Amino acid sequence: MRAEHETIRYDAAGLDVTAHAWGERGAPLALLLHGYPDTGWTWRHLGPHLAARGFRAVAPFMRGYAPTALAPDGGYQIGALVRDTVAAHEVLGGDGRAVLVGHDWGAATAYATDAFAPGLFRRVVTLAVPPGPVLLAQLRSPAHMLRNAALIPRQLRRSWYMGFQQLPLSERALSHVIPKLWRDWSPGYDATEDVAQVLRALEGPGRRTAALRYYRALLQPWERRAGYAAEASHELGLGPATTLYLHGEDDGCMLSELARRAGDIVETKIVPGVGHFLHLEEPERVNELIGGFLAIEAA
Amino acid sequence: MNKAANGAPPALRQLVGRYDPAAFETGRGEARVRIAGAGPDPMDVVLDGQTATLERADTSRRPDALLRADAETWSEIAGDVRGGMAAFRAGRLSVRHDLHLGVGFLAATAASGEGGLRFRRIETSEGHISVSEAGTGSPVVMLHGLGATKVSFLPTVAALADSHRAIAIDLPGFGDSTKPIRAAYDPKYFARAVVALLDALGLERAHIIGNSMGGRVAIEVGLRSPERVGRLALLAPSLAWLRDRPWAPLLKLVAPQLGLIQPAPRAAVEAIVRRVIPGAQEEWTAAGIDEFLRSYLTPRGRAAFYAAARNIYLEEPYGPRGLWTWLPDLQPPSLFVWGKRDGLVPIRFASHVRRALPQAEHLELSCGHVPQLERPQQTHTALLRFLARTPGQIAA
């Protein structure tokens, strides 16, 4: 399904946000958060699907990605993304029936939002990034490290871009890096359309740096802005909402063998035969999984 | 035709005279099919890839395949353009030793064009896959169980061929299909092979019927590639065990490649198979064992068998990749056929499936692990009824 979206614009606590929207205003809100390197266009299949299931689906361009504004304070840490999400819930008329879907950075934002503001969203679906506590446990506990011994070198080879994007001039390489990431992360998927959208969203001055600051704020303390202390304490947390975590079996960004460890703490499904952008690779199958889990009648 | 065949019964001369090498790839050089019951003495048909020669049986040599029927049945088969499928179905014709060869020979003498029984080797992106098919119409692909081959679906091919293009295949590792040593032989691998076969045959979509391990594979195709599947019929499908698997840690340490060097006494194997198929007619049990041994007695076939058996035992029931986690998401309409006396897949799995997949249909038969051979009539009637229903119907 691929229905026309309407383009809406709203003010999220001082950030000028543009979003794609599907379905009736006033219906239960389904907020859809994209990741890197991606845009609100990534929800072109899921948006109409959720609208048909009775939701008002809204897919904002995350801070820094045009046509949404650059962060006024230059802050791109998860805490800032949480604030945008909480503000969107309010300004879009979200209530207790609202649900949250996040992919990649959007998934990290979704976990943190539910941890920071429990109860704001009834259900949460995350794609391609496991909950923070799972990642931390894999890194910290010697027992886990032993179990993962064979996987860690394979994962590190895939994580080169994390380090690369810390470099001050990596912006210049982005028009090569972005198509490569799509190729590596979703083998076999034709991303021409998606890559064009990302490059367009990152065209203007400061845009590329903004997208990379998501990563830099993760590892470089001086990239972090003050004023998000409350949100920051939940950045790698996991909230109480009933959560479904989907991860593509062939994801080239994070190995599904590592991602599956999330099964100990949230409902996890390793989706067979798809990669990182699973919702674009097999929209019908993945829409059905997400839509079924979020179904309004299950409220 | 050979002069030596002059004394042969006319029915056999008629049959062999119709032999069409294009309808059957023997997959070997010279092969000898012995025909018993047509006349006072057994006859041999020698196939060399291009021609079929009828000669007096050389009883000092073991034939590659043995076909046995009474004289009346043989003359019926000679007149039957469907290659003796009716007799085969009714159990009046028995095939021993190499069933691929025996039935393939019959198919190649069927003197019918499109829709007749034919044996083919299909080149796919996962290697060659051996199929036997008959009929025209919406395609149905049949997947045999562990240790079996496409022959376990021949009666089903015959039963469905009036209204469908019925295709029974040898899964990789079994029968006459490719047997790569390093393949995983897990549901994911088999599912990829099935989709590769659909690609190679140019089939957008097919119904899938699976028995035992083949049922598990059918479910995997339904989960991974629902857009390629019409309806799913699962005959005593093997599903991940829900109880503790005490041997799992040990089994994980054992490489299935050990099968390459392991001896396999026929008597022991035969006893096990008989226990598994309690209600099977005698000749089917015997034929099934022949067919199983043909594969199992080769090192590669044995390695594949062990790898597949190990995967069935080790399969995780729950968790992110667990079968029971995923079963509720199975999209194609499905029918589960259970054997009440099944020693391998206990019928209590049915209640678990009802919980996980409430929309599925169920049929319980008084039989063991191979419903299509033990209760052919009931199974085939149920299959035809189930496949005829929309949605999930496939254009021919």
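Order of the sequence lines sets the chain letters (A, B, ...), proteins ahead of strands, with each chain counted from 1. Small disclaimer: the values here were computed from a predicted structure and weren't measured.
- No more than 12 heavy atoms of other residues, nucleotides or ligands sit less than 6.0 Å from atom CZ of B:R385.
- Annotation: side chain of B:Q331 is in contact with side chain of A:E288 (closest heavy-atom distance under 4.5 Å).
- With chain B as partner, the option from A:R261, A:R260, A:E282 having the largest number of non-hydrogen pairs under 4.5 angstrom is A:R260.
- Within the 4.5 Å cutoff, no side-chain heavy atoms of A:K269 are placed close to those of B:R321.
- Side chains of A:R285 and B:L223 form no contact here, defined as non-hydrogen atoms less than 4.5 Å apart.
- Here the closest non-hydrogen pair linking A:G263 and B:P320 is CA-CG, 3.8 Å.
- Within the 4.5 Å cutoff, the side chain of A:P272 has heavy atoms near those of the B:R224 side chain.
- Taking each heavy atom of A:T268 and B:T325 in turn, the nearest pair found is O-CG2, 4.3 Å.
- Of the two parts of A:E267, neither the backbone nor the side chain holds a non-hydrogen atom closer than 4.5 Å to a non-hydrogen atom of chain B.
- Summarising the local packing, CD of B:E123 is surrounded by more than 12 heavy atoms from other residues, nucleotides or ligands at distances under 6.0 Å.
- In this structure, chain B has no heavy atom under 4.5 Å from any part of A:V274.
- Distance check, rounded to the nearest 0.5 Å: CG of A:L289 to CH2 of B:W326 gives 5.0 Å.
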